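Right, one structure below, let's go through it.
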Amino acid sequence: MPELPEVETIVRDLRPHLVGRTLTRADLIRASVLRFADPATFQARTEGHRVGSVRRRGKFIHLGLSGGEHLVIHLGMTGTLTLQRRDEPRAVHTHLVLEMDDRRQLRYRDPRRFGRILLGRPGQLERSGALPRLGPEPLSPNFAQSGFAEALRGSGRQVKAVLLDQAMVAGCGNIYADEACFLARVRPDRRAHTLSRAEAGRLLLALPVVMREAVRLRGTSFSDFRDGFGAKGEAYEALFVYGRGGLPCVRCGGTLQQTRLGGRTTVYCNRCQS
DNA sequence: CCCCTATCCTGAGGGC
DNA sequence: TGCCCTCAGGATAGGG
């Protein structure tokens, strides 16, 4: 499941290969992945346009096109966006192929189709609700001053629910929510308003730490995630808790607890996390 | 406001 | 070898 570090890895991979290139062909194989636009309009507004920027906001990938519109991609659970040669065989569940003027192709594949593609001007996409309101970016240098810790302490919800709320903090998903809670030594089922200033401060610091480390390792690939070139990331082996329910805690050696919180698998150490 | 559940969807893995 | 079941969970919608 691509979260912030995985999407960031893809964006960094693709950026040098895409910026400055012109899209010569847009082949929308499965039109249903496109939201708020029809295929003909999509083709007309992408073909012949130049890619000016490749950026990430939360878990969204923005390709800034000449003319001012953004091609916005959310990878959902199983989405991949990879650069491939034109002659490479096309994998099943490939929904969009963008061919560039160097004859290479950017291919969007998503077996479970939880992902989506949008096209429009950024302001208009936000106003229409096509793009949700997103909270501060954990990788931003201003994150510590974003007010996240105060907003966290003002919520009556469980800490994990707050971390997964994209309007509270952008880009956090199930894996890094658990990792941040472990690093901050906070139980994910704590009510956020019961957190001390110190605990909220530790979570504020933990989010960028776990995410920067995952970016350094090029993302977590326990199942579907692939980088911009189709390769796996190395972060799964470095995770503290996610996927390790029943195994020993790396800090105290106690058995990690696995439960369900808000419908999500949640792993924590009941000795280290209070 | 918040919680819970269902929905979308495919593939992997377990039990028999 | 095949069939059925469960599970994985990002986002969203609807009910309580």
Side-chain angles (χ1 to χ4, degrees), chain A residues 1-11 29-36 56-62 72-81 90-96 107-118 125-126 128-135 137-138 151-181 188-195 207 211 214 219-226 232-233 235-236 239 241-246 256 258-268:
Chain A
M1 58 243 45
E3 303 180 29
L4 186 154
E6 289 74 37
V7 179
E8 181 68 19
T9 298
I10 290 171
V11 163
I29 297 150
R30 182 184 286 272
S32 61
V33 301
L34 180 65
R35 307 293 161 87
F36 305 102
R56 180 191 58 77
R57 175 77 174 105
K59 299 174 193 170
F60 291 87
I61 297 167
H62 286 246
V72 182
I73 298 166
H74 193 294
L75 298 172
M77 282 280 299
T78 55
T80 56
L81 194 61
R90 180 181 290 179
V92 289
H93 307 301
T94 299
H95 306 312
L96 172 67
R107 297 185 186 177
Y108 170 75
R109 175 176 186 263
D110 184 14
R112 292 176 60 184
R113 284 183 257 153
F114 283 12
R116 59 215 141 108
I117 294 175
L118 307 164
L125 289 172
E126 279 159 30
S128 68
L131 276 177
R133 200 169 54 84
L134 294 175
E137 286 284 342
L152 175 66
R153 294 222 302 149
S155 168
R157 303 154 76 190
Q158 289 177 324
V159 167
K160 177 140 181 185
V162 175
L163 294 176
L164 293 177
D165 183 347
Q166 300 300 298
M168 293 290 286
V169 54
C172 189
N174 200 40
I175 295 173
Y176 300 107
D178 280 7
E179 294 300 303
C181 285
D189 56 355
R190 282 274 296 282
R191 295 283 159 185
H193 65 243
T194 71
L195 295 177
L207 279 166
M211 290 193 177
T220 297
S221 295
F222 74 91
S223 59
D224 301 275
F225 170 68
R226 297 295 182 273
K232 294 187 177 192
Y236 187 44
L239 297 179
V241 286
Y242 184 86
R244 301 194 63 245
L256 293 174
Q258 180 159 326
T259 59
R260 269 186 108 68
L261 240 49
R264 310 293 174 81
T265 300
T266 301
V267 186
Y268 65 95

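Everything numeric here is computed off the predicted structure, so don't read it as measured data. Note on naming: letters A, B, ... go to the chains in the order of the sequence lines (proteins, then strands), and numbering restarts at 1 for each one.
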Provide, to the nearest angstrom, the distance between the [atom1] atom belonging to [X] and the [atom2] atom belonging to [N].
X	N	atom1	atom2	value
L164(A)	dA8(C)	CG	P	15 Å
L131(A)	dG10(C)	CG	P	18 Å
D224(A)	dT10(B)	CG	C1'	9 Å
L75(A)	dA11(C)	CG	P	11 Å
R30(A)	dC8(B)	CZ	C1'	12 Å
L261(A)	dC3(B)	CG	C1'	12 Å
D165(A)	dA11(C)	CG	C1'	11 Å
R35(A)	dA11(C)	CZ	C1'	10 Å

For [N], take OP1 and OP2 only and decide whether either is under 4.0 Å from a side-chain N or O of [X].
X	N	value
H93(A)	dC9(B)	no
R191(A)	dC3(B)	yes
Q166(A)	dA11(C)	yes
H74(A)	dG10(C)	no
T265(A)	dC7(C)	no

Step-by-step salt bridge (Lys or Arg N to Asp or Glu O under 4.0 Å) determination, K59(A) to E6(A):
CA-CA 9 Å; K59(A) 299 174 193 170; E6(A) 289 74 37; over 6 Å; no
N-O pairing of D178(A) and K160(A) below 4.0 Å
yes
Looking at R112(A) and D224(A), does any basic side-chain N land under 4.0 Å from a carboxylate oxygen?
no
Quick check for you: among [options], whose closest atom lies nearest to any side-chain atom of [X]?
X	options	answer
R157(A)	dA8(C), dA11(C), dC2(B)	dC2(B)
Q258(A)	dA8(C), dC2(B), dC9(B)	dA8(C)
R260(A)	dC9(B), dG10(C), dA8(C)	dA8(C)

Using the closest heavy atom to pick a nucleotide of DNA chain B for each, name whichever of G156(A) or G263(A) lands nearer the 5' end.
G156(A)
To the nearest 0.5 Å, how far apart are CE in M77(A) and CG in N174(A)?
9.0 Å
Please state the P separation for the pair dT6(C) and dT5(B) - nearest whole angstrom.
16 Å
So, does the side chain of R116(A) form a donor-acceptor pair with the base of dA11(C) at under 3.5 Å?
no
If you go through the side-chain atoms of R112(A), does one of them form a donor-acceptor pair with the base of dC9(B) closer than 3.5 Å?
yes
Which part of the nucleic acid does F225(A) contact within heavy-atom distance under 4.0 Å: base, sugar-phosphate only, or nothing?
nothing
Kindly say whether R133(A) contributes a backbone atom to a donor-acceptor pair with the side chain of E126(A) at under 3.5 angstrom?
no
Determine the minimum heavy-atom distance between P2(A) and L75(A), stating which atoms define it.
CG-CB, 3.5 Å
